[in-house]
Amino acid sequence: MYSSSIIKKSCLNLKSTLRQTINLSILDTHLLPQCQSINQFNQILSQMLLTGFIKDTFAASRLINLSTHSTFIPFHYSLQIFNILHNPNGFIWNTIMRSHLERQNSPHHSLYLYRLFLVSCNAFPDNYTYPILLRCCVARSSEFEGREIHCHVVKLGFDLDVYVRNTLMNLYAVCGNMVSARKVFDESPVLDSVSWNTILGGYVQMGDVKGAEFVYSRMPEQSTIASNSMIVIFGRTGCVARARQVFDEIQRKDMVSWSALVSCYEQNDMYEEALVLFVDMNANGIMVDEVVVVSAISACTHLSIIKAGMTIHALAVKTGIEAYVSLQNALIHLYSSCGRIMDAQKLFNDGFLLDQISWNSMISGYLRCGSIEDAKTLFYSMPEKDVVSWSAMISGYAQYERFSEAVALFHEMQLHGIRPDVTALVSVISACTHLAALDLGKWVHAYISKNKIQVNIILGTTLIDMYMKCGCVENALEVFYAMEQKGVSTWNALIIGLAMNGLIEKSLHMFADMKKSGTLPNEITFMGVLGACRHMGLVDEGRHYFSSMTVEHKIEPNVKHYGCMVDLLGRAGFLKEAEELIESMPMAPDVATWGALLGACRKHQNNEMGERVGRKLIQLQPDHDGFHVLLSNIYASKGNWGDVLEIRGIMAQHGVVKTPGCSMIEANGVVHEFLAGDMTHPQKNDIERMLDVVAEKLKIEGYAPTTSEVSLDIDEEEKESALFRHSEKLAVAFGLIIIAPPTPIRIMKNLRICNDCHIVMKLISKAFDREIVVRDRHRFHHFKHGSCSCMDFW
DNA sequence: ATAGGGTTAG
């Protein structure tokens with residue numbers, strides 16, 4: 001029998017052997033990385049449990065440290081080991097708290113453990129503990145908890161440790177409290193490079209250029225890191241030249257130095273410079289990573305240079321960084337905004353965890369290339385829609401003239417409680433303009449005022465345009481005068497709008513004001529000015545403005561300007577001069593130019609020229625309905641039914657269908673549509689009766705229908721009845737029923753108002769004492785007391 | 001006796 005002391009002794013020997021073996025062979029620092037799998041780890045762990053070696057705090061420390069640093073060991077495993085340890089030392093506590101923060105991203109657990117740590121036996125927080133805890137506070141962005149930790153630091157006497165002080169500084173800086181951060185900095189007995197970088201980084205993050213410059217200028221050594229920070233803050237505050245200067249002065253530029261400058265250019269809309277620098281960076285053999293590549297791609301997107309973008313994409317693939325989400329997003333944005341929707345779609349479909357911007361840029365990409373349905377499908381399948389998604393979709397509808405859908409979506413957006421941004425507002429107002437939905441337009445305007453939304457140039461101009469095109473000149477002027485900043489487009493909307501509403505003198509006056517204000521007129525402005533002259537037949541003024549374009553403003557007239565002049569001259573009866581002007585044009589006259597001349601021939605009954613021009617036009621654009629109709633009208637007015645039939649034949653041959661006249665009228669927020677001869681309206685009986693009343697009253701006023709323009713070879717009575725069912729007459733009858741005076745009856749027509757309807761509207765305005773506003777495809781007619789604002793010239 | 005901690009930037 002062995003005595004117990006011998007057993008004890010041999011056990012001790014065994015233990016020490018084991019300890020040495022295991023300690024040296026497995027737990028030694030240099031051999032630790034050899035543990036490569038959970039199996040190997042389990043072997044070590046079970047050996048230690050079996051031998052009781054686990055109770056050795058030093059060995060346990062190594063083990064815990066190993067486990068928390070190995071990705072193949074789940075964190076809860078480490079936690080279990082921690083829980084069976086009897087007396088974890090400070091090192092173990094620190095390790096497990098750090099692991100909670102870094103691996104679990106649960107800083108609150110670390111802070112909770114700290115409380116247990118404080119009351120545990122045989123272990124005390126040390127100077128390593130506090131940087132961890134302070135990082136936890138940063139992760140929770142809790143300055144309050146940070147202050148508490150700061151108190152402990154001071155009480156326990158660790159506040160002279162430079163690591164602790166640097167972390168404290170960082171905490172205050174991240175929480176935006178630069179005063180406290182600066183206090184810690186200023187009161188530090190020892191400052192190392194990290195201290196300087198930290199305080200500098202704080203100012204950079206706050207966007208405090210002065211603070212950053214102050215720190216930078218006083219640094220004992222302006223490291224690359226610090227210079228990089230300066231490039232960043234100069235870039236963010238628009239000081240591009242200074243950023244460049246700092247960059248040039250860096251002795252040893254690293255990847256971030258280059259990258260920061262690329263991004264500085266990119267953020268300041270200097271996309272060419274950004275790309276040049278990116279190329280330069282490559283030429284200098286600097287490594288690139290996903291961040292700088294994203295900047296470069298974004299520059300390509302802004303410049304719409306798809307080729308460079310694709311080259312960079314290839315570079316990214318070669319570098320092996322193509323899987324980064326930020327890069328995927330940037331590429332999707334690039335491809336979708338450059339019209340390569342298929343490439344974008346592929347990336348999008350393969351993409352994983354793509355951000356909101358990708359969804360939005362796919363939607364705008366689809367819309368850009370006209371795939372509205374795809375955009376719509378994507379829009380409705382999005383997990384989350386933000387204002388940008390809604391705005392993109394609404395403006396897409398508006399751009400493709402799907403105005404009622406734009407308005408409907410705007411309403412839907414309201415129901416979802418999304419506050420519209422300026423883009424959405426602009427789109428919906430423009431939709432209102434086209435739908436003549438004045439009520440909604442006014443509502444949107446009120447919404448803008450109520451919510452104090454800044455009316456920028458675009459929004460203001462859109463509002464002016466809307467009011468002008470709805471015939472509300474006063475409201476338009478009000479918007480105009482209230483605008484702080486005005487652009488060319490603003491003046492243009494005003495000039496064109498006034499002219500359109502018959503206020504020619506005022507329109508030309510505004511043009512003079514515009515010149516006085518120093519805003520340079522452009523091609524559109526002259527469309528408005530010449531248009532104004534045209535509306536009133538101001539031939540001399542028109543000639544003057546036309547020649548002033550080249551002489552005074554250095555603007556070459558385009559086809560449209562010529563067309564306008566031809567129209568002006570032609571209408572005034574200067575047919576010969578008009579035709580000569582066409583022949584003198586430096587560019588090929590377009591269909592509209594000839595069309596203007598044809599219209600003039602019709603008006604001045606120059607049938608010889610009319611037929612010549614008409615035939616030419618039909619050849620030029622065989623599928624245009626208007627010219628056939630005009631020409632056929634010329635024949636019809638002469639009773640030349642044979643030629644009328646021939647034109648009809650040509651029309652049938654080319655499948656030309658006369659665009660049906662269509663008038664819209666808004667009543668109580670609902671837009672009603674009437675087609676010529678269309679009697680499908682639910683209130684058709686009332687309308688029918690009202691038409692009879694109108695006919696009665698007009699007869700008293702001495703009205704006789706102008707049937708000569710009806711080019712149908714039918715008898716007079718039928719002609720009269722067809723004439724009396726023109727869409728604008730149906731609309732006005734409906735308006736007389738449903739809109740109570742003194743509200744004007746507002747009608748919008750797709751074609752130009754015909755002569756007969758114009759007469760009828762004047763008579764109605766007198767006989768019923770109503771104000772009627774008709775907007776045809778050209779301009780406005782304000783009927784009041786039997787006369788029209790166009791003075792019968794249109 | 002011993003291991004471990006902090007900052008910044010595109």
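Labels below follow one simple rule: chain letters A, B, ... track the order of the sequence lines, proteins then strands, and each chain is numbered from 1. Every heavy atom of this structure was used, including side-chain atoms; hydrogens, water molecules and symmetry mates were not.
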Using atom [atom1] of [X] as one end and atom [atom2] of [N] as the other, report the distance to the nearest whole Å.
{"X": "A:Leu66", "N": "B:dT2", "atom1": "CG", "atom2": "P", "value": "21 Å"}
{"X": "A:Asp280", "N": "B:dG10", "atom1": "CG", "atom2": "C1'", "value": "17 Å"}
{"X": "A:Asp126", "N": "B:dG5", "atom1": "CG", "atom2": "C1'", "value": "9 Å"}
{"X": "A:Leu63", "N": "B:dA3", "atom1": "CG", "atom2": "P", "value": "18 Å"}
{"X": "A:Ile96", "N": "B:dG5", "atom1": "CD1", "atom2": "P", "value": "14 Å"}
{"X": "A:Ile132", "N": "B:dA3", "atom1": "CD1", "atom2": "P", "value": "16 Å"}
{"X": "A:Asn228", "N": "B:dG10", "atom1": "CG", "atom2": "P", "value": "9 Å"}
{"X": "A:Phe247", "N": "B:dA9", "atom1": "CZ", "atom2": "P", "value": "19 Å"}

Taking any heavy-atom pair under 4.0 Å as a contact, classify [X]: base, sugar-phosphate, or nothing.
{"X": "A:Asn94", "value": "base"}
{"X": "A:Met230", "value": "nothing"}
{"X": "A:Val164", "value": "base"}
{"X": "A:Val256", "value": "base"}
{"X": "A:Thr198", "value": "sugar-phosphate"}
{"X": "A:Arg98", "value": "sugar-phosphate"}
{"X": "A:Ser263", "value": "sugar-phosphate"}

Counting side-chain heavy atoms from C-beta on, which of [options] comes nearest to [X]?
{"X": "A:Phe58", "options": "B:dT2, B:dG10, B:dT7", "value": "B:dT2"}
{"X": "A:Gln267", "options": "B:dG5, B:dA3, B:dG10", "value": "B:dG10"}
{"X": "A:Met255", "options": "B:dG5, B:dA3, B:dG10", "value": "B:dG10"}

In terms of ring plane angle, is the pair [X] and [Y] parallel, tilted or perpendicular, where the classes change at 30° and 60°?
{"X": "A:His313", "Y": "A:Tyr335", "answer": "tilted"}
{"X": "A:Tyr271", "Y": "A:His302", "answer": "parallel"}
{"X": "A:His150", "Y": "A:Tyr172", "answer": "tilted"}

Worksheet item: Below 4.0 angstrom from OP1 or OP2 of B:dG10, is there any side-chain N or O of A:Arg236?
Response: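 For B:dG10, OP1/OP2 do have a side-chain N/O of A:Arg236 under 4.0 Å.
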
Worksheet item: A:Asn166 side chain N/O closer than 4.0 Å to the phosphate oxygens (OP1, OP2) of B:dT7?
Response: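 So the side chain of A:Asn166 is outside the cut-off, no N or O lying under 4.0 Å from OP1 or OP2 of B:dT7.
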
Discussion item. Within the 4.5 Å heavy-atom criterion, are A:His76 and A:Gln80 side-chain neighbours or not?
Written reply: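 Sidechains of A:Gln80 and A:His76: in contact.
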
Worksheet item: Using centres under 5.5 Å plus planes under 30 degrees as the test, is A:Phe91 stacked with B:dA3?
Response: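 Yes, A:Phe91 stacks on the base of B:dA3, since the ring centres sit under 5.5 Å apart and the planes are within 30°.
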
Worksheet item: CG of A:Asn105: more than 12 outside heavy atoms within 6.0 angstrom?
Response: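 No, not enclosed.
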
Discussion item. With hydrogens left out and only the distance checked, is there a donor-acceptor pair under 3.5 Å joining A:Asp289's side chain and the base of B:dG10?
Written reply: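 For A:Asp289, whose side chain was compared with the base of B:dG10, there is a donor-acceptor pair (under 3.5 Å).
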
Worksheet item: Which residues satisfy the side-chain contact (heavy atoms from CB on, under 4.5 Å) test with A:Val232, sequence neighbours excluded?
Response: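 side-chain contact (heavy atoms from CB on, under 4.5 Å) list for A:Val232, sorted by chain: A:Val204, A:Arg236, A:Ala260.
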
